[in-house]
2 protein chains.
Amino acid sequence: MWERRYGFPDPMRDAHGERLYPPAQVDKLRLMRRLVDHGQRPARIVHASAEALARMLEEHPGVSDAELASAADIAPMLKLVRLHRSADLSAALRQALLKQGLQRFVVETVAPLAQAVGEAWMRGEIEVADEHLFSEQVQNLLRGAIGAHDSVGRPRVLLTTLPEEQHVLGLLMAEAMLVPEGAACVSLGARTPMTDIPAAALAGDFDVVGLSFSTAYPVRQAIDALLELRAMLPPRIALWAGGAAVRGKHKRLPGVQIVDRLDDVLAALRNWRDTSSPEA
Amino acid sequence: MWERRYGFPDPMRDAHGERLYPPAQVDKLRLMRRLVDHGQRPARIVHASAEALARMLEEHPGVSDAELASAADIAPMLKLVRLHRSADLSAALRQALLKQGLQRFVVETVAPLAQAVGEAWMRGEIEVADEHLFSEQVQNLLRGAIGAHDSVGRPRVLLTTLPEEQHVLGLLMAEAMLVPEGAACVSLGARTPMTDIPAAALAGDFDVVGLSFSTAYPVRQAIDALLELRAMLPPRIALWAGGAAVRGKHKRLPGVQIVDRLDDVLAALRNWRDTSSPEA
DNA sequence: CATTGCGCTTTGTCCAGGACATAAAGGCGA
DNA sequence: TCGCCTTTATGTCCTGGACAAAGCGCAATG
């Protein structure tokens with residue numbers, strides 16, 4: 001479609017008329033994708049040179065001042081990710097966990113570091129492999145810490161993502177916030193089909209269903225899916241949603257508890273206990 | 001394409017000519033997909049009724065006798081998966097791990113149970129959510145157990161999957177086999193781009209790169225990718241590959257160590273140490 | 001008797017131009 | 001300054017044709 005409309009990309013053709021993309025065009029497309037993911041529109045950037053696009057990425061609005069401030073604490077760890085120092089990164093994370101405790105570790109270390117890693121990837125400063133490495137190390141640590149808690153309390157929370165969303169860190173962070181408060185969390189991991197979610201929620205006697213949506217998730221699709229899910233779930237089961245795609249969408253999502261920041265998970269939990277305990 | 005060629009599916013159309021698939025056709029397509037994944041060809045099954053397809057699934061060749069035998073031991077756990085008893089399943093797995101130790105747990109419990117769960121899903125006896133739940137519980141346990149070991153020995157092994165392969169259990173099982181033997185494993189999780197793998201292997205001073213391919217992975221694609229990767233890696237870095245898609249393909253993959261069964265991971269490890277220790 | 005090679009059949013993907021639903025942006029009035 | 005509405009931008013779907021590639025069976029060979 002871009003080819004027809006903007007004249008770019010303009011691939012070569014093989015002997016049978018199929019498109020062959022020169023590396024230079026692929027590189028430019030990768031740069032464009034990052035900018036589009038950040039809100040730029042294709043028509044605005046399609047005619048810029050690769051160098052100009054790279055410059056736009058570096059000048060990108062970036063993290064807010066508040067986040068930059070906390071970034072000072074996590075800078076050393078970000079450097080370890082950049083240098084592929086997996087063993088050192090693992091040790092640094094473990095130390096932070098021991099020092100801060102699970103909940104503070106999530107709020108003060110994992111969340112800002114994940115954001116910083118994502119930003120760095122957006123700017124092309126680190127590679128996919130580094131991002132994967134970071135994600136794995138955090139998963140190892142969080143899963144271990146979560147596993148150390150019992151899960152027998154209330155509410156019983158079912159955590160997962162929709163099929164298009166494959167990022168799991170959001171779920172794990174939520175679980176790590178909830179478990180120390182005595183909630184019983186069960187995570188289905190990523191990519192659970194829509195129709196399976198209400199079935200699983202009913203079968204497992206859950207009080208809350210929690211979904212996570214990362215930046216890349218289409219806002220409209222997230223809202224439609226949440227409203228549909230709300231209609232499929234009985235009223236006694238609460239629906240919580242968190243992540244960039246639903247931030248600030250309270251108004252458009254009646255009956256859905258929006259979790260804008262990690263702290264809000266705890267607020268939602270208190271709220272649930274206040275409104276539900278009388279009947280228990 | 002099937003619509004043009006076989007006359008099925010035959011969707012309704014909305015006011016603007018776009019296809020609308022009645023639930024019955026979607027159900028039949030789901031049954032067909034399972035059969036196709038098991039090697040049936042579309043033309044053979046497209047004209048059968050939904051009932052006939054369901055019968056074909058149940059009569060499907062299924063597990064071998066040897067696997068059935070060991071399945072007797074895991075039957076109780078499979079039942080817990082079916083009944084969505086997440087807490088009991090978690091406890092049963094934990095107990096098996098303590099009793100058997102990490103390596104035996106992987107070989108005797110996790111692997112056959114994963115296979116049984118996959119088979120049950122294929123037959124429609126359990127839902128996607130159950131499979132996810134099982135996978136999550138196993139991940140929690142294995143990651144915790146792996147994290148308890150140091151990773152400072154040799155060989156240094158980099159584990160991951162290619163972009164089309166999202167199953168992570170194979171990697172975790174391999175890691176769980178290797179770590180108790182004193183190998184230093186780093187997993188990048190699933191879906192690492194081809195070009196990032198050699199870069200990460202060189203940057204991290206690795207001796208071995210290990211890839212996992214599940215049943216659904218196209219055999220041809222796996223072989224091409226492995227040969228390409230072999231050419232991109234320096235000779236001193238070994239390339240190991242495991243999973244259903246590469247089983248028995250030794251001949252077509254010179255220079256690649258094929259891991260047919262979990263035990264072969266240990267054989268490959270011994271082999272590497274025998275051939276590499278003299279120079280160390 | 002197992003195995004390799006070859007040709008036929010089956011199956012999936014690509015091509016092109018047209019149409020239109022839907023999201024974002026900009027203008028206008030309250 | 002906010003919210004609504006029009007206009008523009010953007011992505012997805014449609015159709016029918018063509019062809020590459022994967023799978024299957026048969027024949028020939030060690």
Side-chain angles (χ1 to χ4, degrees), chain A residues 1-21 25-26 29 32-48 61 163-164 213 215-228 244-253, chain B residues 1-21 25-26 28-29 32-48 61 163-164 213 215-228 244-254:
Chain A
M1 198 64 230
W2 287 8
E3 204 179 313
R4 273 199 257 168
R5 212 167 262 162
Y6 311 120
F8 179 90
D10 179 22
M12 300 156 42
R13 300 293 176 134
D14 68 6
H16 302 284
E18 295 194 15
R19 293 175 173 79
L20 277 177
Y21 293 87
Q25 292 191 30
V26 175
L29 284 168
M32 286 186 67
R33 176 177 157 180
R34 290 184 198 164
L35 285 164
V36 168
D37 281 349
H38 261 20
Q40 291 282 354
R41 322 236 8 209
R44 286 253 167 228
I45 57 176
V46 71
H47 289 118
E164 296 79 20
F213 299 87
T215 329
Y217 206 96
V219 174
R220 171 60 173 267
Q221 208 173 320
I223 290 175
D224 286 353
L226 281 168
L227 291 176
E228 194 181 337
V246 295
R247 192 154 293 155
K249 297 291 181 294
H250 308 72
K251 271 188 276 188
R252 294 170 67 182
L253 289 167
Chain B
M1 198 63 228
W2 287 8
E3 205 178 312
R4 274 198 255 168
R5 209 167 265 161
Y6 311 121
F8 179 88
D10 181 19
M12 299 156 43
R13 300 292 176 134
D14 70 6
H16 301 286
E18 296 195 13
R19 293 174 174 79
L20 278 178
Y21 292 87
Q25 292 190 29
V26 176
K28 181 169 167 184
L29 284 168
M32 286 186 66
R33 178 182 152 173
R34 291 184 197 165
L35 285 163
V36 168
D37 281 349
H38 260 20
Q40 291 281 351
R41 318 231 16 204
R44 286 256 167 224
I45 57 176
V46 72
H47 289 118
E164 297 79 18
F213 300 86
T215 329
Y217 205 96
V219 174
R220 170 59 172 268
Q221 209 174 319
I223 289 175
D224 287 352
L226 281 168
L227 290 176
E228 194 180 336
V246 295
R247 193 155 292 154
K249 297 291 182 293
H250 308 72
K251 269 187 278 187
R252 294 170 68 183
L253 289 167

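These numbers were taken from a predicted model, which means no experiment stands behind them. Chain letters run A, B, ... following the sequence lines, proteins first, then strands; residues in each count from 1.
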**Item:** Nearest-Å distance for atom pair CD1/P, residues B:Ile45 and C:dT11
**Value:** 9 Å
**Item:** Phosphate OP1/OP2 of D:dT15: any B:Arg13 side-chain N/O under 4.0 Å
**Value:** yes
**Asked** Above 12 or not: heavy atoms from other molecules or residues under 6.0 Å from CE of A:Met1?
**Response** yes
**Message:** With a 4.0 Å cutoff (strictly under), does any side-chain N or O of B:Arg19 reach OP1 or OP2 of D:dT15?
**Reply:** yes
**Request:** Go through D:dG11, C:dC14, C:dA16 for me and flag the one nearest to the A:Arg5 side chain.
**Result:** D:dG11
**Prompt:** Is there a side-chain polar atom (N or O) of B:Tyr6 under 4.0 Å from OP1 or OP2 of C:dT10?
**Reply:** no
**Asked** Which nucleotide in the set C:dG12, D:dA20, C:dT10 lies at the smallest distance from any side-chain heavy atom of A:Glu18?
**Response** D:dA20
**Prompt:** Whole-Å distance between D:dC14 C1' and B:Asp14 CG?
**Reply:** 11 Å
**Request:** Heavy atoms only: give me the nearest A:Tyr21-A:Glu3 pair and the separation to one decimal.
**Result:** OH-OE1, 4.2 Å
**Request:** Could you state the atom-to-atom distance from CE of B:Met12 to P of D:dC13 in whole Å?
**Result:** 18 Å
**Complete:** Atom CZ of A:Arg44 and atom C1' of D:dT8 are separated, to the nearest Å, by 12 Å
**Prompt:** Nearest to the side chain of B:Trp2, which nucleotide is it out of C:dG12, C:dG18, D:dA9?
**Reply:** C:dG12
**Request:** Consider the side chain of A:Met1, meaning its heavy atoms from C-beta on, and name the nucleotide among D:dA20, C:dA16, C:dA19 that approaches it most closely.
**Result:** C:dA19
**Request:** Send over the distance from A:Arg4 CZ to C:dA19 C1', rounded to a whole Å.
**Result:** 10 Å
**Asked** Any donor-acceptor pair under 3.5 Å between the side chain of B:Arg41 and the base of D:dG23?
**Response** no
**Request:** Figure out the CD/P separation between A:Gln40 and D:dA9, and round it to whole Å.
**Result:** 16 Å
**Item:** Given DNA chain D, 5'-ward residue of the pair A:Ala43 and B:Gly17, judged by closest heavy atom
**Value:** A:Ala43
**Item:** B:Pro11 versus B:Leu20, closest heavy-atom pair with distance
**Value:** CB-O, 3.4 Å
**Request:** Find the distance A:Met32:CE to D:dA9:C1' and express it as a whole number of Å.
**Result:** 13 Å
**Complete:** B:Ile223 atom CD1 is separated from D:dG23 atom P, nearest whole Å, by 10 Å
**Request:** Determine: side-chain N/O of B:His16 to OP1/OP2 of C:dC20, distance under 4.0 Å, yes or no.
**Result:** no
